[in-house]
Amino acid sequence: MNKYELMKIAREIRINVINMIAEASHGHPGGSLSCTDILTVLYFDKMNIRPDNPKWEDRDRFVLSKGHAAPALYATLAKRGYFSEKALLSLDKFGSILQEHPDMKSTPGLDMTTGSLGQGLSAACGMALAGKLDKKDYRVYVILGDGEVQEGQIWEAAMTAAHYKLDNLTAILDFNGLQIDGRNEEVKSIQPIDEKFKAFGWHVIKIDGHDFDQIKRAIEEAESTKGKPTIIIAKTIKGKGVSFMENQVGWHGTAPNEEQRQKAVEELERSEA
Amino acid sequence: MSAATREAYGKALVELGEKNKNVVVLDADLSKSTKTAEFQKAYPDRFFNIGISEQDMMGTAAGLATCGKIPFASSFAIFATGRAYEQIRNSIGYPKLNVKIAATHAGITVGEDGATHQSIEDISLMRGIPNMVVINPSDAEETRQAILAAAEHYGPVYIRLGRMAVPDIHDKNYKFELGKGEIIREGKDIAIIATGIMVSIALEAADKLKEEGINATVVNMHTIKPIDRELIVKVAKQTGKVVTAEEHSIIGGLGSAVCEVLSEEYPVRVKRIGINDTFGQSGTPKELLKYYNLTFQNIVDVVKSFD
Ligand SMILES: Cc1ncc(C[n+]2csc(CCOP(=O)(O)OP(=O)(O)O)c2C)c(N)n1
């Protein structure tokens, strides 16, 4: 898919994210919007999947380790055809297939349950180990938050991935610089994050996480990197695409009211592509 | 004959690994103690040492399970269920993944290693997680069958194993049935419901009581969740008095589970034998069982203390 097609899809996903969160009056817009472009490239250009057969054995796997960005993943899955886009507005509602945090038992297309930060990379390692054991060539992708990597389990898993040479595993760090209580730099610095992963035995690629060509190329480079796992450190903007949300820590977990929703959707509709 | 349940676990894993190629084993640098090293020797490709990273081990096991593997993840009970509690809850229990947590060195009979290593809360922790099955086998043969049964059951299972050798109560003719307690001795005066290493001790107590003219029913409650409600009510009706015995805190374990059932369905007096809301310490298993009132004599005394 070319860059313009991907941009168009990403824009539609962002609009759905805003509408879903506004309808639920609950959810995490900032971190959903920052990883939307990455999800778009994965699901519409790179991943080998069959939306009509979500549990297909040989599919590429995806784990949203920063599970609170579920609205972006749900909107992506719906657009890709795993379930109807109409279901998106049921987010968080009682009995919905869309739980606030990803529940693999509720939602078609989810490969792992997440929401408690720090746990997804381990699960991705398990999937990658199973792939090696079964001599299958599926790939495993996982998106991590930058605040999330403050969890110790991430580094346990980072060691596991390198030790078992999980070159079928690609992690993508949604490096938007913000978490809940402020900037990573204020709360607890994660820097130098590239050096840390290198020291843990990973291949590290740094990109602009909103540049579709760079995202694609990085995923291809990860695929051709043998003998070690790859992490793509994607510099992103929290709240990307909605001017009043961009880089605002306050939009981490706040739902837009009706006026804000309209403004955000108008802005997204007017944006390029 | 006697053997530690962890020894039986190591052997059972090898047997299971032969039968079922989907079985994989994970350990966190304790494979010689947990006996998963036996599996590693037999099937090196299907064994993963995750290093001293219990949280990562549980998450990795979860990921393997999503791809159709049947992972057995082992460490000492305190680290498996304590350090990695929330990983077990959120990455295994909630998605109902087919992971078996087989933890050894449960209870105070760990001995010399002392309180930091003596898990007395693990049953309570695991029992509280929806979807989790909890099994505490009493001897080698029961362990073997419980491991095979756990692999057959789809979903998370916690299997509690010990370090210390325990007498063999069961032979090859025994049929372990998940969720169904076993009546090993029948008597009309009192029911002793025991689990794990306390089953053989309860049997000794029953022998002693018999000499004194008291006939005790002894139940081996190997599955603590789902608990065999029917059997508990039945023995309570027959005897009117119940004693529970476990090498675990009296808070949240077998004693609590039995009281929950009886208070709802058939209230009778229950006395709980277990670790009395206190930490363990270093010592030999024998010394510790005595100090913490987990001997057959203690059971006898408690039985006789009913008015
Ligand atoms: C283990 C755990 N602790 C705390 C939380 C609450 N929480 C949800 S999102 C979040 C901040 C995440 O920051 P980051 O990983 O940078 O995500 P992003 O900024 O991309 O949304 C926290 C602390 C959680 N979900 N899990």
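Chain naming here is simple, since letters A, B, ... match the order of the sequence lines and numbering starts at 1 in each. The figures that follow rest on heavy atoms only: side chains count, while hydrogens, waters and symmetry mates do not.
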key: Residue selection (most heavy-atom pairs with chain B, distance under 4.5 Å) from A:Lys55, A:Glu57, A:Met112, A:Glu156   = A:Glu156
task = Could you check which of A:Ala123, A:Gly120, A:Ala130 has the highest count of heavy-atom pairs closer than 4.5 Å to chain B?
result = A:Ala123
request  = Quick one: which of A:Ile154, A:Asp134, A:Leu121, A:Val63 has the most heavy-atom pairs under 4.5 Å with chain B, could you say?
outcome  = A:Asp134
Most chain A-contacting option - heavy-atom pairs closer than 4.5 Å, from B:Lys69, B:Gln87, B:Lys96, B:Glu54 = B:Gln87
Exercise: do A:Gln179 and A:Asp146 side chains pair donor with acceptor under 3.5 Å = no
query = When heavy-atom pairs shorter than 4.5 Å are enumerated against chain A, which of B:Ile52, B:Asp56, B:Asp45, B:Thr60 gives the highest number?
reply = B:Asp56
request  = Over 60° means perpendicular and under 30° means parallel, so classify the ring planes of A:Phe197 and A:Trp155, tilted if in between.
outcome  = tilted
Under 4.5 Å from any heavy atom of chain A - which part of B:Leu26 = neither
inquiry  = Any carboxylate oxygen within less than 4.0 angstrom of a Lys/Arg side-chain nitrogen, looking at B:Glu264 and B:Arg229?
reply    = yes
Portion of A:Ala157 that has a non-hydrogen atom of chain B nearer than 4.5 angstrom = both
request  = Go through B:Glu112 and B:Arg163 one step at a time and tell me if the salt bridge (charged side-chain N to carboxylate O under 4.0 Å, His left out) criterion holds.
outcome  = CA-CA 11 Å; B:Glu112 293 78 355; B:Arg163 168 176 183 247; 3.7 Å; yes
query = How are the rings of A:Tyr164 and B:Phe48 set relative to one another: parallel (under 30°), tilted (30 to 60°) or perpendicular (over 60°)?
reply = perpendicular
query = Which of the residues A:Lys105, A:Gln119, A:Met104 is involved in the greatest number of heavy-atom pairs with chain B at under 4.5 angstrom?
reply = A:Gln119
Contact origin within A:Asp111 toward chain B - heavy atom pairs under 4.5 Å = backbone
message = Given heavy-atom pairs under 4.5 angstrom as the criterion, report whether the side chain, backbone, both or neither of A:Leu129 touches chain B.
response = both
request  = Find the one option among B:Ser91, B:Ala84, B:Ala62 whose heavy-atom pairs under 4.5 Å with chain A are most numerous.
outcome  = B:Ser91
message = Any side-chain to backbone donor/acceptor pair from A:Tyr43 onto A:Leu73? Under 3.5 Å, distance only.
response = no
query = Any idea how A:His28 and A:His101 line up, ring-wise: parallel (<30°), tilted (30 to 60°), or perpendicular (>60°)?
reply = tilted
key: B:Lys225 atom NZ: more than 12 heavy-atom contacts under 6.0 Å   = yes
